[in-house]
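Each chain gets a letter, A, B and so on, in the order its sequence line appears, and its residues count up from 1.
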Protein chains: 2
Amino acid sequence: MKLTINDIAREAGVSIATVSNVMNNTGRVSEDTARKVKKIIEAHNYTPNISARKLKNKNSQLISVIVPYLKKGKFEDNPFFWQLLNGVENGAKDQRFNVMLTGVENDHDLTFINKQYLDGIIVIGLDEKTKLFKNIINLTIPCVFMDSYLTKQGIYQVYNNDLMGGYLATKHLLSLGHKKIVIVAGKLAEQGVDYQRCLGYRQALEEAGIVYDPNLIMDQGASIAGGYHAAQKIFSNQEKITAVFTLSDIGAMGLIRGLNELGLAVPEDISVVGYDDIIYSEYMIPSLTTVRQDIYQKGETAVQLLLDQINRKNNSNGKQIILPVELKIRESTARRE
Amino acid sequence: MKLTINDIAREAGVSIATVSNVMNNTGRVSEDTARKVKKIIEAHNYTPNISARKLKNKNSQLISVIVPYLKKGKFEDNPFFWQLLNGVENGAKDQRFNVMLTGVENDHDLTFINKQYLDGIIVIGLDEKTKLFKNIINLTIPCVFMDSYLTKQGIYQVYNNDLMGGYLATKHLLSLGHKKIVIVAGKLAEQGVDYQRCLGYRQALEEAGIVYDPNLIMDQGASIAGGYHAAQKIFSNQEKITAVFTLSDIGAMGLIRGLNELGLAVPEDISVVGYDDIIYSEYMIPSLTTVRQDIYQKGETAVQLLLDQINRKNNSNGKQIILPVELKIRESTARRE
DNA sequence: TAATTTTGATTAAACGATTAATTTAGAAGC
DNA sequence: GCTTCTAAATTAATCGTTTAATCAAAATTA
């Protein structure tokens, strides 16, 4: 049914070794023979069986993007991941790699990522202290960690300049005259992006001579519902809050909706800055001032870093790539009255 | 280095065949032996080499979701796909299947499918007339087609009741007194979902005794930018349009933004109905009246249908599953003044 | 007890590639 | 003409499983 190397060899009147040599350009075949074999390969659109090749060579042309889900069955509503996955898939395709998506829970055992099955993985937002991290490291397969600030030596990481993002957003709000700026964060784990963004926030405050008030940090969840619920808290807060820095655009979306329902207008009553610049931010009403990161490009970068690692296998010096961020000023922020 | 079945067999003092039989629960092994072997497998955390298994069995526990992209390098901005993929991944995980994502262009060669020994594929929104469709059919691997209305016998399909969705949305607008209702569609290919939704629209018009006017159908693209640009057209249209039925929520999002910029308020000046009920629709300002389909569940359903096919292999009767839709009435529609 | 069946294990042949070791055929050197 | 060298092809082993074909021992039957 399916063509094998034997079929090609038979038709070309050569041995399978020769066919293999032709395919792998080992230079051990005469030009004439090579041409003849190639023609037959072309004609039948033959491609070698990856499993067989892998059994010998130990590579599968398959990588996985690992998303530590909150819970099985729970839909992750941030389009961030989708955009990222598009970037990864696109970058991988260029080098004829395929991309798997795997959602895992935090204490998941990774037997399903059989060591011999994947050529590499990209892991998003993982903390070094988790069991999952240890399990992944133990796999000793090429790996790129994205959006986490890990201290372990010799690993590959990609993230945006989150500290700068936090700094820029806060500085912008400060420049508009805001003093009481709330942060609505996802989880503030020390190795997460939100922690860094908060550091940037604190740095900007400090430069402006404003005392950091931990009560203004809300650890609410980065989801759309998280933002929505934060509105209530902000509304009932005694202090006069005039600006909110939400560490995700979807959180900002929920927040603005929530504020509206409580009779607070954005930006007239409260200014809001988001984070990510997902595609919808530009089209929201009001359009969202936000810290832009190029998510698609981040995906491409990560896959590139991973494939580099896969190709020259024994280089384990590790590498960090920090991508730039940019403040996009739109309608959701205004001068404090 | 890596443990093989031989190591386990040696340590257990049995043959590799016995180890294999233990792993695959063939029932050909005595309880005592099985227990002994299992213990050793456990102790070493051994997992069989998938490539070897694949080579023998020609199955991979791997399926792919195929998204016919518009173009390579172009990011597909509809979160629909992400939600769907989450559903698929979740459903697949239950049965220990992994999920690949593949974006293909219309004339893409599909060799990767054989190479990876995919056990099955889910294809989204594909037209029967395309070359890609023919190529896929020729592969003769288990396949589920989603969101297309194909006429070929013996194939498996999953879609929502799009005709009903179109009907419900239109009926709702009619009941609010609207007469000139524009449709902003993606592509109106005969086998696509948008075509069906338009049929529903026409049916509702007919019941209300309103003549169908093809000039009111805009074939603008279902993207957010498509909706945005449609606003201009609607604005400059001479006829007094009071309502728009956008065949995607993100299109509606772009549209509402566009209308706003042109000084038209939703729903005061124009009512807008979307389609999909993505998670953001509820949080938009105004929140979006839309036809809800449970995308996550659709993903789960598709994967279930696919795995059924994979498991009892020779049943090729085909099957269609039609999932229900529901109208969600929110703020973006109002009675015509 | 001898013949037969059942049970539980082993042997060995695939699966489809890669590659080290080997063979063959010409060409070159003397 | 004989040896040596080189280029180009082949042979055969190997990767780690599954499974059909066997086989041996124990259990059952006559």
Side-chain angles (χ1 to χ4, degrees), chain A residues 1-38 40-41 44-62 96 111-112 114-119 141 313, chain B residues 1-38 40-41 44-62 96 111-119 313:
Chain A
M1 189 107 187
K2 172 119 191 284
L3 281 181
T4 76
I5 198 173
N6 285 290
D7 302 316
I8 303 297
R10 194 176 320 116
E11 183 160 341
V14 299
S15 72
I16 59 168
T18 299
V19 177
S20 177
N21 280 317
V22 169
M23 287 191 297
N24 297 301
N25 292 316
T26 56
R28 257 170 274 166
V29 184
S30 75
E31 290 216 348
D32 279 358
T33 317
R35 204 165 321 120
K36 183 174 62 178
V37 171
K38 272 181 188 156
I40 291 173
I41 289 178
H44 292 78
N45 209 357
Y46 161 78
T47 50
N49 178 311
I50 288 260
S51 297
R53 180 177 268 182
K54 155 114 177 144
L55 185 56
K56 252 302 191 176
N57 281 350
K58 300 173 195 313
N59 76 325
S60 63
Q61 302 289 105
L62 190 60
R96 310 197 147 268
T111 46
F112 69 98
N114 189 306
K115 185 182 198 168
Q116 307 224 1
Y117 190 55
L118 295 175
D119 284 348
I141 73 171
K313 292 178 176 167
Chain B
M1 189 110 186
K2 172 93 201 294
L3 282 181
T4 75
I5 198 172
N6 284 290
D7 303 316
I8 302 297
R10 193 176 322 114
E11 183 161 341
V14 297
S15 71
I16 60 168
T18 299
V19 176
S20 177
N21 280 318
V22 169
M23 287 192 298
N24 296 301
N25 293 315
T26 55
R28 259 170 272 166
V29 185
S30 75
E31 292 217 343
D32 279 358
T33 317
R35 205 166 319 122
K36 183 175 62 180
V37 172
K38 270 181 189 158
I40 293 172
I41 290 178
H44 292 77
N45 210 0
Y46 161 78
T47 51
N49 180 311
I50 298 227
S51 296
R53 188 176 261 182
K54 273 201 220 179
L55 182 56
K56 197 71 182 72
N57 284 349
K58 298 168 190 313
N59 78 331
S60 60
Q61 301 290 104
L62 188 61
R96 309 197 148 269
T111 47
F112 67 92
I113 291 179
N114 287 323
K115 280 207 282 198
Q116 292 291 354
Y117 271 131
L118 291 183
D119 285 346
K313 292 175 175 168

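- Using a 4.0 Å heavy-atom cutoff across all strands shown, Ser15(B) reaches at least one base atom of the nucleic acid.
- Under 4.0 angstrom from either OP1 or OP2 of dG8(C) there lies no side-chain N or O belonging to Arg28(B).
- Here the nucleotide nearest the side chain of Ile16(B), chosen from dA17(C), dT18(D), dA9(C), is dT18(D).
- Summarising the geometry, the separation between CD on Gln61(B) and P on dT18(D) is reported as 12 Å, rounded to the nearest angstrom.
- Residue Lys58(B) places at least one side-chain N or O closer than 4.0 Å to OP1 or OP2 of dG16(C).
- Across all strands shown, Val14(A) has heavy atoms under 4.0 Å from sugar-phosphate atoms exclusively, and none from any base.
- Thr33(B) comes within 4.0 angstrom of sugar-phosphate atoms only, judged by non-hydrogen atoms across all strands, and of no base.
- Across dT17(D), dT14(D), dT10(C), the shortest atom-to-atom separation from the side chain of Lys56(A) is found for dT14(D).
- Across all strands, Ser30(A) comes closer than 4.0 Å only to sugar-phosphate atoms, never to a base (heavy-atom distances).
- Going from atom CZ of Arg10(B) over to atom C1' of dT10(C) covers 16 Å, rounded to whole Å.
- For dT17(D), the OP1/OP2 oxygens have no side-chain nitrogen or oxygen of Ser51(B) closer than 4.0 Å.
- A close approach under 4.0 Å does not occur between any side-chain nitrogen or oxygen of Asn6(A) and OP1 or OP2 of dG16(C).
- For Tyr46(A) and dA17(C), the shortest distance from a side-chain N or O to OP1 or OP2 is below 4.0 Å.
- Nearest nucleotide to the side chain of Ser20(A), out of dT17(D), dT18(C), dT19(D): dT18(C).
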